[in-house]
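One structure below.
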Amino acid sequence: MFADNFKISLRQIRRLLVLDIFGVSSLMLPGIFSAMTGADGVFCLLFGMAGGVLLLWLMGANMKHFEGGYYDYMKDVMGQIIADIFMVFYLLYFVALSGYVLYELTALTLGWLLPEGSFFWISLLLLLLAVYGSIRGIEGRARVYEIIFWFLGIPLLLMLVLAMPMVNTSYWTPIVASDSVQLFKGSVSVLIFLLPLSALLFLKPFCKKAEKLASCGREALFTVTFINIVIYLILLGIFGQNAMGVLKRPVLTLMGMINLPGGFFTRQDVLMTAVWFFALFALLNTGIFQGSLVLKELCHDSKRNYSIYLVAILSFFIGKGLFEHQFLVEIYEIYQSCIALPGMFLVLLVLLLVYQIRMGKKQGKEKVMDVEE
Amino acid sequence: MAMQITPDLQENIKNFEELFSDCEDIKKRRIKVGKHLDRECYIAYIEVAISNVDWKDSAVGKFLEKLRMLPETELVDYVRENVYDVSDAKPFETIEDAAQGMLTGDALFFLEGYNKALKIPDKGYPGRGVYETESEKVIRGSNEGFSESIKLNTALIRKRLRSPHVKVKESFVGRRTNTNVDLVYMKDLIYPGILEEIERRLGEFEIDGTLDSGIIEQLTEKRKYSPFPQFQTTQRPDRAAMAILEGRIVLLSDNSPVALILPTTYNSFIQTSDDYYSRWEIASFTRVLRYAASFLAMVLPGLYLAMTNFHTQILPTALLLSLAASRQGVPFPAMVEVFIMEIAFELLREAGVRLPGANGNTIGIVGGLIIGQAAVDANIVSPIVVIVVALTALCSFAVPNEEFATAFRILKFMFIFLCGSLGFFGFLIGLLAVLIHLSHLESFGIPYLTPFVGADLNGYTDERDTFLRLPLDFLKKRPLYTREDARIRLKLGQEEKRKGEGK
């Protein structure tokens with residue numbers, strides 16, 4: 001009949017990607033930029049977006065060459081062993097991502113919603129919910145984010161409009177004052193937050209119009225970059241570079257400062273936390289779902305849900321570790337910038353090159369055979 | 001093994017009476033027919049189901065009258081050849097089938113020398129007739145409601161849909177009740193596979209009896225632990241007819257005034273018949289109210305607890321002080337206070353439903369006004385909690401479908417617990433859990449949240465009949481339930497087109 005075909009629409013994928021990359025990037029990037037680049041953070045966002053476009057181009061170029069799953073394509077191009085190594089790389093990335101997002105989401109809850117709560121119970125509840133969300137497949141997961149997209153988007157848009165009169169544009173200067181190293185570091189930070197886009201590689205078998213996946217990713221990327229630029233300029237215009245540097249989550253602080261007309265609510269930061277709560281939860285869900293998908297393929301076990309439980313348990317321990325030991329957060333950041341980021345590009349590049357070389361050889365052989373005949 | 005009906009009337013009577021021994025409500029009559037009254041026949045029927053005071057005007061009476069005028073030698077031939085002169089008469093070959101025929105409320109006729117029994121319909125079992133519906137009240141539109149007779153109910157639908165494409169598929173459910181179940185649908189509109197699916201589900205269980213469509217509903221639902229119903233229910237023939245026009249199937253069960261509609265979605269539970277009879281502005285306004293009500297009926301007490309117990313910074317100081325003052329002297333924590341009031345309200349509702357009409361109203365006044373005021377005066381609950389609980393109740397009453405509203409009433413307690421113990425975090429967790437659950441829920445393959453999800457499946461046109469009910473000119477396509485090649489329901493400018501063709 002209608003549903004249960006395990007296919008999702010481009011609109012669902014686009015909304016899922018927007019929530020995935022918007023939540024954590026808008027929460028973390030303003031703080032990172034204020035410490036590094038000031039007003040030039042906008043350029044970092046744009047350079048980061050350019051990097052994202054390149055990543056999507058590489059993904060699109062590879063995706064053209066396979067009809068089924070990404071793993072099968074990797075096996076065809078690189079052979080079983082290297083394909084398995086690549087899959088382990090992706091598995092590590094998604095597991096680490098879900099662990100980190102669990103840590104961030106729990107920290108957000110403890111900081112803004114439930115200061116007296118315990119990490120254990122909050123993260124356990126979140127994980128149980130994420131497992132429940134993942135267990136019934138991609139269709140239900142896509143529907144959740146398709147429906148909450150506007151419920152989160154409209155209040156956010158309203159709050160940003162209300163914040164605009166508070167902006168002092170003199171804080172937007174000086175411009176082009178950062179050196180190239182700072183700009184590079186800022187852009188790399190942006191690109192790290194765009195890496196969840198690589199989930200697209202594994203979504204091809206689930207998508208109705210798979211040939212448009214890369215352009216769907218680009219639309220999500222442009223949307224998020226635009227929103228992030230708006231948010232960053234508003235934050236910079238209200239707090240200035242120095243004040244923003246000391247705030248933990250500037251965007252949430254801003255939400256607490258905006259006065260809604262009518263005066264029924266005096267502070268709505270708690271209410272607006274919902275936007276980032278849902279967005280981070282979407283990313284947590286993506287990490288667990290994609291991680292379990294990779295694990296399932298690696299273990300050749302497509303039916304059971306053990307992989308979801310296993311990824312969730314691993315995420316819990318990673319999240320707990322990050323929460324309790326600050327040095328692990330630094331290690332995670334090093335892993336993201338030195339292993340995950342270059343690795344994502346490298347895997348796609350190697351696959352594309354090897355595929356092209358093999359195709360070239362194959363075509364050469366065919367030509368020789370034609371000439372001989 | 002089934003007992004065959006033979007030309008020997010005495011043997012047939014013996015077998016039949018053995019089957020219905022000790023059944024005083026079944027009347028059995030031996031009557032002489034034929035011109036000289038020398039051929040015996042036998043009539044059996046359920047008392048009250050047949051006009052046993054004066055047979056003359058009944059179908060049975062007229063049939064016997066005719067037989068009394070015929071020569072004995074022609075009787076069997078006449079009965080055999082003119083069976084269908086009597087409307088809905090049906091011959092049976094076995095005693096068991098004949099007995100089942102009689103139990104549907106008709107008379108059974110045996111004739112000496114005739115190897116079949118004849119079912120002759122009459123007025124049937126007593127029923128209520130067509131009455132106004134108790135629930136699903138509308139401001140504009142028909143007030144007719146379904147009754148307990150399935151035949152009457154199918155006729156009420158047929159009266160509204162005078163098309164040969166309307167099909168009624170009959171089946172029987174319940175080993176001992178043998179309840180008649182009809183599937184009513186528009187043949188050229190239903191989506192392929194849905195009819196087969198409901199038939200498959202009906203055949204999946206064997207039960208001793210089904211006394212209401214609610215039993216069938218529970219036995220054929222896929223997600224049995226969900227608080228949300230996966231069939232829409234209605235007591236209104238116009239609502240059922242409207243559903244059939246949308247390519248949905250209506251399931252009618254004998255002895256039940258409640259029809260089941262399948263497939264269904266969240267959106268269809270919020271819609272009412274008069275949404276389409278009234279102008280679009282007011283229809284849209286009430287639609288938005290109902291959507292908000294369905295949400296608030298679930299979360300309002302929880303949100304109150306989260307705001308007053310955990311996140312007081314949200315509220316203005318004056319309001320906060322007023323809330324604190326109203327709670328002064330109340331010995332219970334806010335969560336217990338809300339819980340007590342909600343339980344008290346649910347008790348009042350239950351008592352109001354069970355008591356006879358006038359007494360039910362009294363309970364509302366006693367409970368709502370007297371007990372409520374006394375509880376506030378005695379400092380058991382604060383006035384603000386009474387207001388919150390009353391508002392929540394109003395919201396749940398504004399949801400047009402009782403079964404659907406019940407889901408929110410149950411979930412409300414989950415939100416009270418979550419928000420009372422975890423504040424706004426509990427609210428978000430609860431909301432996500434409900435959203436995830438609803439996103440996974442389907443009714444006969446249709447996602448429950450359609451058209452808010454998967455709107456692309458029908459070209460984004462179903463969204464025109466959700467929060468807002470756009471003017472009818474915009475609702476040219478039938479919803480997603482309909483088969484793909486039959487989705488156009490409204491064509492405008494037909495007169496001009498015809499004129500153009502004429503030229």
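Owing to the predicted nature of the structure, the values given are computational and were not obtained by experimental measurement. Throughout, protein chains are lettered first and strands after them, A, B, ... in sequence-line order, and every chain is numbered starting at 1.
The shortest non-hydrogen separation linking B:Ser439 to A:Val144 is OG-CG2, 3.2 Å. For the residue pair B:Leu422 and A:Leu114, the shortest heavy atom distance occurs at O-CD1, 3.4 Å. Among all heavy-atom pairs drawn from A:Phe281 and B:Ile436, the shortest one is CE2-CD1, 4.1 Å. Scanning all heavy atoms of the two residues, the minimum distance from B:His440 to A:Arg141 falls at NE2-N, 4.2 Å.
The shortest side-chain heavy-atom distance between B:Phe452 and A:Arg143 does not fall under the 4.5 Å cut-off. You'll find the side chain of B:Phe310 stays beyond 4.5 Å of the side chain of A:Leu113, heavy atoms only.
Proximity to chain A (any heavy atom under 4.5 Å) is restricted, for B:Leu319, to the side chain, taken from C-beta onward. Contact of A:Tyr145 with chain B is not made at all, since no heavy-atom distance falls under 4.5 Å. A:Gln268 does not touch chain B: none of its heavy atoms, backbone or side chain, sits under 4.5 Å away. Proximity to chain B is absent for every atom of A:Leu128, based on heavy atoms less than 4.5 angstrom apart. Interface remark: A:Ile148 contributes side-chain atoms only to the contact with chain B (heavy atom separation under 4.5 Å).
When the candidates A:Leu129, A:Leu125, A:Leu126 are compared by the number of heavy-atom contacts under 4.5 Å with chain B, A:Leu129 comes out ahead.
Residue A:Glu116 qualifies as open at atom CD: its count of foreign heavy atoms under 6.0 Å is 12 or below. Heavy-atom contacts from other residues, nucleotides or ligands closer than 6.0 Å to CZ of B:Phe467 number more than 12.
A distance of 8.5 Å separates NE2 in B:His311 from CG in A:Leu271, rounded to the nearest 0.5 Å.
Interface with chain A: from residues 426-435 of chain B, residues B:Leu428, B:Ile429, B:Leu431, B:Leu432, B:Ala433, B:Leu435 qualify, criterion being any non-hydrogen pair under 4.5 Å.
Ring geometry, A:Phe277 versus B:Phe425: the interplanar angle exceeds 60°, so the pair is classed perpendicular (tilted spans 30 to 60°).
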